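The block underneath contains the structure these notes are about, expressed in structure tokens.
Reminder, nothing fancy here: chain letters follow the sequence lines and each chain counts from 1. Keep in mind that what you see is a predicted model, and the values were worked out from it rather than measured.
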Amino acid sequence: MPDFLNRMVITPELNYDQLTIAEATLIQQQLRGHLNLEPLQIEAKTIAGADISLDLYSETVYAGLVVMSYPDLQPIAYSLVKSSTIFPYIPGYLAFREIPAILKAYEQLPVKPDIVMFDGNGILHARRMGIASHFGVITDAITMGCAKKKLAGQYVDPGPSKGEYTQVTDKGEVIGYAVRTKDNVKPVFISPGHQMSLEDSLTLALKCTGKHRLPEPTRRAHEYVNRFRIGTLTEGYHEFDSRTLF
DNA sequence: GCGACAG
DNA sequence: ATCTTGTCGC
């Protein structure tokens with residue numbers, strides 16, 4: 001935990017479930033002051049996708065991360081944790097609903113991934129504090145966001161071919177990109193979360209995209225937490241046998 | 001007040 | 001987010 005957390009309203013013991021929207025907004029404004037959008041300082045060798053799955057109207061959440069090699073994008077390990085939340089889904093406050101569970105799955109990883117890609121936004125957010133940025137700031141992890149729908153800002157539709165993209169702007173600043181990750185398919189919204197630049201997030205998103213609309217980390221994470229929810233996968237930390245990598 | 005609105 | 005069948009297109 002970054003030491004600054006103990007010097008402000010946010011403490012490691014803070015329970016998100018009991019926060020009011022006003023308090024959550026204040027926390028986002030404070031965390032924003034600790035954002036670092038400088039260019040990536042490392043050469044990534046692993047990248048993980050983070051996501052949650054849940055039954056409709058249920059407070060039980062199935063969270064998890066899938067760690068993949070980079071740039072090979074082969075699954076190396078995954079961490080799954082069953083948790084709960086009562087914080088409702090409110091556009092702009094997704095972090096308060098999903099982070100507690102994802103944090104447990106993250107802490108269960110014996111070795112942290114170089115980068116974590118979230119199913120949601122980084123700075124592509126009204127207060128520049130989407131779930132990816134929020135998680136990055138409180139854990140010091142390098143993060144980025146990949147959302148399937150636009151949350152904030154303005155943009156013009158990018159060209160129809162894979163690889164084309166346009167900027168998403170808000171109040172005069174670029175906060176992310178609308179990226180066509182597959183021919184003639186709706187774009188995804190990419191933005192840096194923490195400890196990487198806008199350009200880094202765009203480059204990484206494209207390098208992580210294969211034949212599907214969603215980048216591999218996010219796509220796999222979504223698949224795994226869903227299998228966990230329906231019972232095909234079990235809770236805990238799991239590593240793939242090195243033999244299966246060849 | 002009106003429209004927008006990640007998962 | 002999740003519930004769902006067929007169907008259009010590459």
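- Nucleic acid contact for Asn121(A): base, since at least one base atom lies under 4.0 Å from a heavy atom of the residue.
- Between dT2(C) and Tyr57(A), no contact under 4.0 Å exists linking OP1 or OP2 to a side-chain N or O.
- OP1 or OP2 of dG7(B) has not a single side-chain nitrogen or oxygen of His222(A) nearer than 4.0 Å.
- Residue Arg229(A) places at least one side-chain N or O closer than 4.0 Å to OP1 or OP2 of dC3(C).
- Contact check on Asp51(A) versus Arg220(A) returns no salt bridge, with no Lys/Arg side-chain nitrogen under 4.0 Å from an Asp/Glu carboxylate oxygen.
- Residues Phe87(A) and Tyr93(A) keep their aromatic ring centres 6.0 Å or farther apart.
- Look at NE2 on His134(A): it is 18 Å from P on dG7(B), rounded to the nearest Å.
- When heavy atoms are screened at a 4.0 angstrom cut-off, Ile131(A) is found touching base atoms of the nucleic acid.
- Lys149(A) has no side-chain polar atom (N or O) that falls below the 4.0 Å cut-off from OP1 or OP2 of dC5(B).
- The aromatic rings of Phe118(A) and Phe135(A) are tilted relative to each other, their planes meeting at an angle between 30° and 60°.
- Within the 4.0 angstrom heavy-atom criterion, base atoms lie near Leu94(A).
- Within the 6.0 Å centre-distance limit, the rings of Phe96(A) and His134(A) are counted as a close aromatic pair.
- Here Asn226(A) reaches the OP1 or OP2 of dT2(C): one of its side-chain N or O atoms lies under 4.0 Å away.
- Annotation: of the two residues near DNA chain C, Ile230(A) and Asn184(A), the 5′-most nearest-nucleotide partner is Ile230(A).
- Protein atom CG of Leu151(A) is 6 Å distant from nucleotide atom P of dA6(B), rounded to whole Å.
- In this structure, NZ of Lys150(A) is placed 9 Å from P of dA4(B), rounded to the nearest angstrom.
- Nucleotide dA6(B) holds its C1' atom 11 Å from the CG atom of Asp51(A), rounded to whole Å.
- The nearest whole Å value for the distance from the CD1 atom in Ile99(A) to the C1' atom in dA1(C) is 17 Å.
- Note that Lys112(A) lies in the cation-pi zone of Tyr106(A), set by a 6.0 Å cut-off to the ring centre and a 45° limit from the axis.
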